Amino acid sequence: MSSIEPRALRDAFGAFLTGVTVVTANDAAGNPVGFTANSFASVSLEPPLLLVCLARTSRNFETMTKAPGFAVNILSEGQKDVSNTFARPVEDRFAAVKWEKGPHGSPVFLDVAAWFDCSTESVVDGGDHVILIGRIENFENGNANGLGYARGSYFTPGLAQKALSMAGAEGEILAGAVAARDGAILLVQLADGRFSLPTFALAHGESPRVLAEKLEHDTGLPVSIGFVYSVYEDRSHGKNHIVYRGELGAGDPRTGQLFRLDQLPLDRLVDTSTRDILTRYANESRLGNFAMYVGNELSGRIHPVSGKQ
Ligand SMILES: Cc1cc2nc3c(=O)[nH]c(=O)nc-3n(C[C@H](O)[C@H](O)[C@H](O)COP(=O)(O)O)c2cc1C
């Protein structure tokens, strides 16, 4: 008996940053089938080979392993919904995407970062999965950035790059947190009665740890700060905002109030940006997927941000 706990192992595998693909084929009746997979890897250039791992529990297991070929579609940053659709038991998954038959016959998607139309080279046993090895018969490399996936969340490296390129301007940085606990979010009430995300002015180069310390000081609760959630410039006030996702520890906050996501005071928020952020957060948390900006430095250090691009 192995002492490795599968759930914990899956979480640890999630530390590896990947892209997201949809693997497609045709069933015996010629109908398209497909599923979301991030277990894609390039294998060989000569001969041209790739691999993807398929769960034995997949409803498409027979079709996928017996098909003469399959295609791998590398999703682009705007195709998070496509990923979700092909990971859920949706009746007609292909209604969610523009697609056509590839040169070798498997469905290939439009607007993807790239696709590879393959013949099936071999199907290798891999425990509770099989490894589908495909020989690339045709491929197309688009211009779009790929959608990223890490620790159960999607991320958009291209957008992050944009945010990074906005860095370097003068001006005050306001760092805020969407600080959550058990499906509720901390908001603070301003003197005029409206609500805001907890927000603090940070100096150029200060790390998100400073944000956590300030928030811990105000709320009296432990706080951990996670990924960057939003970077934007408030032109009307000449302020640059960076908003992180955060987690609050147990206890009643000394300042601020916890609001359940279905009871957010959306008509009493300080500005429309805060409303946009909270609405997006509520939607994404319902789906269990958070979009985020990431950058090699942005996620570790605060940079000033302007609207210049
Ligand atoms: C980001 C992401 C990556 C996934 N990667 C894989 C994978 O590599 N292999 C796999 O078998 N399932 C993977 N899944 C799960 C399948 O997409 C999911 O179980 C799907 O419902 C299978 O559909 P099917 O049973 O119709 O084949 C992934 C899901 C998501 C959201």
Side-chain angles (χ1 to χ4, degrees), residues 6-43 49-67 69-97 99 106-109 112-116 118 120-134 144-159 227 283-292 294:
R7 169 99 216 188
L9 179 59
R10 194 176 69 179
D11 290 348
F13 279 155
F16 185 57
L17 276 70
T18 68
V20 184
T21 76
V22 170
V23 182
T24 58
N26 298 303
D27 69 12
N31 299 315
V33 298
F35 69 100
T36 302
N38 68 341
S39 55
F40 166 83
S42 57
V43 174
L49 300 175
L50 57 72
L51 71 78
V52 67
C53 301
L54 169 67
R56 289 185 182 276
T57 52
S58 163
R59 293 175 306 156
N60 293 312
F61 187 79
E62 288 296 310
T63 301
M64 281 291 177
T65 50
K66 301 237 160 77
F70 62 90
V72 176
N73 296 277
I74 313 277
L75 299 187
S76 57
E77 282 189 327
Q79 293 183 310
K80 210 171 80 169
D81 292 348
V82 178
S83 170
N84 287 332
T85 300
F86 280 82
R88 297 213 177 102
V90 174
E91 196 167 325
D92 181 8
R93 288 175 168 168
F94 284 79
V97 70
W99 64 278
S106 296
V108 297
F109 295 177
V112 285
W115 56 252
F116 305 92
C118 304
T120 300
E121 178 81 2
S122 53
V123 180
V124 180
D125 180 41
D128 57 13
H129 283 58
V130 289
I131 305 162
L132 297 174
I133 298 182
N145 287 309
L147 177 64
Y149 195 73
R151 294 212 189 277
S153 289
Y154 296 102
F155 65 92
T156 49
L159 289 178
F227 289 110
N283 285 335
E284 290 178 351
S285 95
R286 201 172 308 128
L287 294 171
N289 294 306
F290 292 101
M292 59 193 177
V294 299

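All ligand and atom numbering here is 1-based and tracks the order in the structure. Predicted model, so just to flag it, every value in this text is computed and none were measured.
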Flag side-chain contact, heavy atom, 4.5 Å: [X] against [Y]:
{"X": "Thr85", "Y": "Gln79", "value": "no"}
{"X": "Phe61", "Y": "Val130", "value": "yes"}
{"X": "Ser83", "Y": "Val22", "value": "no"}

Give me the residue, atom name and distance of the protein heavy atom closest to [atom].
{"atom": "atom 9 (N) of ligand 1", "answer": "Cys53 O, 2.8 Å"}
{"atom": "atom 19 (O) of ligand 1", "answer": "Ala87 O, 4.5 Å"}
{"atom": "atom 16 (C) of ligand 1", "answer": "Thr36 O, 3.6 Å"}
{"atom": "atom 25 (O) of ligand 1", "answer": "Arg59 N, 2.9 Å"}

Heavy atoms only, cut-off 4.0 Å: how does [X] contact ligand 1, side chain, backbone, both, or neither?
{"X": "Pro89", "value": "neither"}
{"X": "Phe86", "value": "backbone"}
{"X": "Arg56", "value": "neither"}

Sub-3.5 Å N/O-N/O distance, [X] and ligand 1:
{"X": "Ser39", "result": "yes"}
{"X": "Phe35", "result": "no"}
{"X": "Ala55", "result": "yes"}
{"X": "Ser83", "result": "no"}
{"X": "Gly34", "result": "no"}
{"X": "Tyr154", "result": "no"}
{"X": "Ser58", "result": "yes"}

- Touching ligand 1 at all, Arg93? Heavy atoms, strictly under 4.0 Å?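 Distance cut 4.0 Å: Arg93 passes for ligand 1.
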What distance separates [X] [atom1] from [Y] [atom2], expressed to the nearest 0.5 Å?
{"X": "Glu121", "Y": "Ile131", "atom1": "CD", "atom2": "CD1", "answer": "13.5 Å"}
{"X": "Asn145", "Y": "Leu75", "atom1": "CG", "atom2": "CG", "answer": "13.0 Å"}
{"X": "Asp27", "Y": "Asn60", "atom1": "CG", "atom2": "CG", "answer": "8.5 Å"}
{"X": "Lys80", "Y": "Ser153", "atom1": "NZ", "atom2": "OG", "answer": "9.0 Å"}
{"X": "Leu50", "Y": "Ser42", "atom1": "CG", "atom2": "OG", "answer": "8.0 Å"}
{"X": "Thr18", "Y": "Phe155", "atom1": "OG1", "atom2": "CZ", "answer": "7.0 Å"}

- For Tyr149, the ligand 1 atoms whose distance to one of its heavy atoms is below 4.0 Å: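 What qualifies from ligand 1 is 1 (C).
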- Relative to the heavy atoms of Leu54, which atoms of ligand 1 are at a distance of less than 4.0 Å?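 So the atoms of ligand 1 that pass are 11 (O).
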- Query: Checking Thr36 side chain against Asn84 main chain: does a donor-acceptor pair fall under 3.5 Å?
  - Reply: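 Not a single qualifying donor-acceptor pair exists.
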- Task: Have a look at Phe86 and tell me which of Phe94, Phe35, Trp99 forms a ring-ring contact (aromatic ring centres under 6.0 Å, His included) with it.
- Result: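 Result: among Phe94, Phe35, Trp99, Phe94 is the only option passing the ring-ring contact (aromatic ring centres under 6.0 Å, His included) with Phe86.
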